Amino acid sequence: GHARGVRFRPIADIRLLTDCGCMRDQSELAADLLELLSPWSDGEPLNDRARLRLLCHQPHNGTYAYLHRLYPGLSSNDVADIEAIVGQTVPPRMREFYELTNGARIFEQVSISGLVREFTRDPTRHAPISIDQDNRVFAALHPDWHLKGYFRIGGVSFMRQYKLICGPDDWVVVLHEETGELLRKYPTVFDCLESFVREMRQFWNEDGVFTGEWQALDQLLLGTSGSA
């Protein structure tokens, strides 16, 4: 298949370091992620956090379909509202992510939930998946993670569905939907999305057309353990 010979990056290789071994700061983390998404931006700047950024229109998938979506960033008061919703403290890197974009959709398959104050079925009003909805049953389903300070920040959906959760130390964990097994972990949400983009981009061309096989993509990214 398309992904033959390709392997996901081991967890140990995903770290908050530059090539010189120095810690990357927030601006570098954000810039690296935006740079990876830029081939689908049609030359539009992606660092304007006040804008809705819709990347690579996908008319073959629907009038309002886009390959990637970044939303207007949140204020500190908005992030405080997220903390009230999830019952946890939003750690520094996650807070910085929300200041850049109120959630995200990457390749339409990886989603980071955001603050949704008003639900609507109007497709022209692009909004993230609601972090409120994502966390309504999280504590009940995963009390061990909740007691450690984790909350759900999104999901990964290919042929199966997986949960993304974030802890008080900014680590982002991918959980198996059915078993709750830890599949992957990343130092920050930026590292998580950067890793997924680096691995997934081989399956789409710059016109946003999927050129691979869903089964190969699913196995590449999340077939990381015997039960996954």
Side-chain angles (χ1 to χ4, degrees), residues 1-4 6 8 30-74 78 97-134 152-164 172 174 177 189-190 192-223:
H2 187 86
R4 187 171 297 160
V6 181
F8 65 88
D32 288 349
L33 177 60
L34 296 180
E35 178 65 25
L36 284 172
L37 296 176
S38 64
W40 296 278
S41 70
D42 199 27
E44 291 188 29
L46 299 180
N47 57 1
D48 184 353
R49 53 190 65 201
R51 289 180 54 241
L52 170 68
R53 289 144 289 178
L54 302 174
L55 284 65
C56 193
H57 188 214
Q58 303 231 284
H60 52 285
N61 289 334
T63 304
Y64 304 105
Y66 290 85
L67 191 62
H68 312 294
R69 306 180 197 202
L70 301 176
Y71 303 94
L74 298 180
D78 292 328
F97 179 82
Y98 278 127
E99 291 171 354
L100 173 69
T101 173
N102 178 24
R105 297 291 296 274
I106 305 296
F107 291 109
E108 281 295 330
Q109 310 300 318
V110 179
S111 64
I112 302 296
S113 307
L115 182 64
V116 179
R117 297 193 182 279
E118 180 181 348
F119 289 94
T120 176
R121 295 186 180 276
D122 181 355
T124 66
R125 294 178 62 183
H126 296 275
I129 293 174
S130 167
I131 198 164
D132 183 9
Q133 295 284 341
D134 260 0
R152 184 170 179 178
I153 60 166
V156 183
S157 177
F158 300 110
M159 299 176 71
R160 297 161 288 185
Q161 185 110 12
Y162 302 88
K163 295 174 182 173
L164 292 174
V172 170
V174 183
E177 177 70 19
V189 65
F190 292 102
C192 174
L193 294 179
E194 180 181 332
S195 178
F196 274 116
V197 173
R198 287 187 183 280
E199 295 171 277
M200 294 171 68
R201 60 185 175 181
Q202 64 184 294
F203 293 91
W204 278 265
N205 63 25
E206 290 193 5
D207 294 323
V209 177
F210 184 71
T211 58
E213 300 170 3
W214 286 112
Q215 189 170 2
L217 175 60
D218 183 68
Q219 182 65 28
L220 169 68
L221 294 177
L222 295 166

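Every value quoted in this text rests on a predicted model; they were computed, and no experiment measured them.
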Heavy-atom neighbours of Glu177 CD exceed 12 at 6.0 Å = yes

Can you tell me how far CG of Leu67 sits from CZ of Arg105, rounded to the nearest 0.5 angstrom?
-> 11.0 Å

Would you name the heavy atoms of Phe97 and Ala104 that are closest together and state the gap between them?
-> CZ-CB, 4.0 Å

Identify the two heavy atoms, one from Pro72 and one from Ala50, that lie closest to each other, and give their separation to 0.1 Å.
-> CB-O, 3.7 Å

Below 4.5 Å, heavy atoms only, C-beta onward: do Asp78 and Arg117 meet side chain to side chain?
-> yes

Distance-minimising heavy-atom pair for Asp32 and Glu194 | CB-OE1, 3.9 Å

Look up atom NZ in Lys163 and atom OG in Ser157, then write down how far apart they are to the nearest 0.5 Å.
-> 13.5 Å

Measuring from Ser38:OG to Asn47:CG, what's the distance to the nearest 0.5 Å?
-> 11.0 Å

For the residue pair Thr101 and Arg53, what are the closest heavy atoms and their distance?
-> CB-NH2, 3.9 Å

Under 3.5 Å, side chain of Asp207 to main-chain N/O of Val209, donor-acceptor pair present?
-> no

On a heavy-atom basis, the closest approach of Met200 and Gln109 is CE-CB, 4.2 Å

Can you tell if the side chain of Val116 reaches within under 4.5 Å of the side chain of Pro128, non-hydrogen atoms only?
-> yes

State which residues pass side-chain contact (heavy atoms from CB on, under 4.5 Å) with Asp134; sequence neighbours excluded, sorted by chain then number.
-> Ser113, Ile129, Arg152

Smallest heavy-atom separation, Tyr64 atom then Arg69 atom, equals O-NH2, 3.3 Å

CD/Gln133: more than 12 non-hydrogen atoms of other groups inside 6.0 Å | yes

How far apart are the C-alpha atoms of Leu164 and Val189, what are their side-chain angles, what is the distance that settles it, and do they pass the side-chain contact (heavy atoms from CB on, under 4.5 Å) test?
-> CA-CA 9 Å; Leu164 292 174; Val189 65; over 6 Å; no

To the nearest 0.5 angstrom, please state how far the CD atom of Gln58 sits from the OG1 atom of Thr63.
-> 12.5 Å

Once you round to the nearest 0.5 Å, how far does CG of Leu70 lie from CG of Leu46?
-> 6.5 Å

Taking the six-membered ring for Trp, are Trp204 and Trp214 parallel (under 30°), tilted (30 to 60°) or perpendicular (over 60°)?
-> perpendicular

Who pairs with Asp48 by salt bridge (charged side-chain N to carboxylate O under 4.0 Å, His left out), at least two apart in sequence or on another chain?
-> none

Side chain proximity check, Phe190 to Leu100, heavy atoms < 4.5 angstrom = yes

Only counting residues at least two apart or in another chain, list the ones meeting ring-ring contact (aromatic ring centres under 6.0 Å, His included) with His68.
-> Trp40, Phe107

Separation between CG of Leu36 and CZ of Arg198, rounded to the nearest 0.5 Å = 4.5 Å

Go through Leu37 and Ile106 one step at a time and tell me if the side-chain contact (heavy atoms from CB on, under 4.5 Å) criterion holds.
-> CA-CA 9 Å; Leu37 296 176; Ile106 305 296; 4.1 Å; yes

